[in-house]
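Have a look at the structure below, then the notes.
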Amino acid sequence: MATVLNHPLVGHKMAILRDKNTGTKQFRETVSEISMLVCYEATRDLPTEKVGIETPICKTECDVLAGKKMAVVPILRAGLGMVDGVLAMVPAAKIGHIGLYRNEETLEPVEYFCKLPADIGDREVFLVDPMLATGGSACDAIRQLKEHGAKHIRFLCIVAAPVGIERVEQAHPDVPVYAAVVDEGLNENGYIVPGLGDCGDRIFGTKYNEIV
Ligand code: PRP
Ligand code: URA
């Protein structure tokens with residue numbers, strides 16, 4: 001089962017992302033903010049350990065993160081928009097990159113880049129991409145991560161379609177999915193409805209009629 005953030009702050013920020021009149025700067029900033037909130041939820045079960053410290057008042061014990069090192073892996077391009085927000089939560093993480101784009105007709109992913117930390121198998125991996133539509137890109141990226149030895153993967157997105165969640169769960173039941181929101185479905189072109197349009201184009205301002 002995907003974990004979905006039900007929160008007024010997320011609802012408010014999603015209205016900004018969905019609005020076609022939101023410009024590039026605010027869109028990018030809002031993607032980053034929501035990513036931070038998704039990461040907060042996706043790290044809820046990270047193991048902790050006790051350490052003794054001294055406050056200005058007395059000695060005490062605190063819970064700090066323990067266990068595995070982490071890696072953030074954005075699916076290019078749109079996943080790059082989530083990296084800063086995730087790193088704000090897990091600043092020591094290493095960063096890998098997986099380059100994929102959807103073939104516009106088949107909607108199947110086309111691979112063009114993969115560079116991962118050498119010790120990816122020892123790390124807790126946060127695979128990030130704002131859009132989970134058919135699920136083809138996420139499934140392909142997870143397969144590539146596993147082929148490189150990754151054993152502990154979480155997939156973080158902002159908008160998910162039910163069919164995409166189902167595809168990831170079927171193909172990779174060991175990979176939990178975290179989404180800010182789940183939308184109604186896909187249109188005939190494979191875009192999420194109501195969605196927010198082409199996330200990569202909106203983050204990078206690459207559409208000819210982009211509002212700045
Ligand atoms: C978008 C998005 C995902 C993919 C989701 O990327 O960022 O990677 O589509 O669709 P899917 O679940 O049906 O595979 P796109 O192909 O537009 O590439 P871009 O990020 O470079 O714009
Ligand atoms: N990729 C996007 O950027 N948006 C969608 O709605 C679907 C795939």
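Bear in mind that the values here come from a model prediction, so they are computed numbers and not experimental data. Both ligands and their constituent atoms are indexed starting at 1 by order of listing. The figures that follow rest on heavy atoms only: side chains count, while hydrogens, waters and symmetry mates do not.
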Need the ligand 1 atom indices (1-based, order shown) with element for anything under 4.0 Å from a heavy-atom of R102.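 This gives 9 (O), 10 (O), 11 (P), 13 (O), 14 (O), 16 (O) as the contact atoms.
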With a cut-off of 4.0 Å, which atoms of ligand 1 are near a heavy atom of M131?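 Result: 2 (C), 3 (C), 5 (C).
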Protein heavy-atom contact under 4.0 Å for atom 6 (O) of ligand 1?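 Neighbour list for atom 6 (O) of ligand 1 is empty of protein heavy atoms (cut-off 4.0 Å).
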My question is simple, although I want it checked carefully: is atom 1 (C) of ligand 1 less than 4.0 angstrom from any protein heavy atom?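 No, no protein heavy atom sits under 4.0 Å from atom 1 (C) of ligand 1.
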Does a sphere of radius 6.0 Å around NZ in K94 hold more than 12 heavy atoms from other residues, nucleotides or ligands, not counting ones at 6.0 Å or beyond?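 No, not enclosed.
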Are more than 12 heavy atoms, taken from residues, nucleotides or ligands other than E49, located less than 6.0 Å from that residue's CD atom?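 Yes.
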Test item: H7 side-chain N/O and L9 main-chain N/O as donor-acceptor pair under 3.5 Å: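 Between the backbone of L9 and the side chain of H7 there is a qualifying donor-acceptor contact (under 3.5 Å).
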Show your working on salt bridge (Lys or Arg N to Asp or Glu O under 4.0 Å) between R154 and E124 and close with a plain yes or no. CA-CA 8 Å; R154 296 157 197 242; E124 191 72 45; 2.9 Å; yes
For [atom], which protein heavy atom lies nearest, and how many Å away is it?
atom                    : result
atom 17 (O) of ligand 1 : D198 OD2, 4.0 Å
atom 4 (C) of ligand 1  : S137 OG, 3.6 Å
atom 13 (O) of ligand 1 : T134 OG1, 2.6 Å

Quick check: does [X] get an N/O under 3.5 Å from an N/O on ligand 1?
X    : answer
D129 : yes
A78  : yes
A133 : yes
R77  : yes
Y101 : no

Distance to the ring centre below 6.0 angstrom and angle to the axis at most 45 degrees; does that hold for R102 and Y191?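 R102 over Y191 ring: yes.
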With a 3.5 Å cut-off and no angle check, do the side chains of R77 and T206 form a donor-acceptor pair?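 Looking only at side-chain atoms, T206 and R77 do form a donor-acceptor pair, the distance falling under 3.5 Å.
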Flag for S32-D84: side-chain donor and acceptor within less than 3.5 Å: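 No.
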Residues clustering with L132 (ILVMFWY side chains joined when closer than 4.5 Å, directly or via others):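 Direct or chained contacts put L132 with V4, V73, I75, I98, L100, L116, I120, V125, L127, I142, L145, I153, F155, I165, V168, V175, V177, V182.
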Does any non-hydrogen side-chain atom of V163 lie less than 4.5 Å from one of R167?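 A side-chain contact under 4.5 Å is absent here.
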Quick one: does C157's side chain get under 4.5 Å of D129's, heavy atoms only?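 The answer is no; the side chains never approach within 4.5 Å.
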To the nearest 0.5 Å, how far apart are OG in S35 and CE in M82?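 So the OG of S35 and the CE of M82 are separated by 3.5 Å.
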Determine, using heavy atoms of G135 and all atoms of ligand 1, whether some pair is separated by less than 4.0 Å.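 It does, in that a heavy atom of G135 comes within the 4.0 Å cut-off of ligand 1.
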Return a table of N or O atom pairs, ligand 2 on one side and protein on the other, at distances under 3.5 Å, rounded to 0.1 Å.
from: ligand 2; atom 1: 3 (O); to: C199; atom 2: N; distance (Å): 2.8
from: ligand 2; atom 1: 4 (N); to: G197; atom 2: O; distance (Å): 2.8
from: ligand 2; atom 1: 6 (O); to: I192; atom 2: N; distance (Å): 2.8

Among T30, V159, D183, which residue satisfies the side-chain contact (heavy atoms from CB on, under 4.5 Å) criterion with M14?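 Output: one option passes, namely V159.
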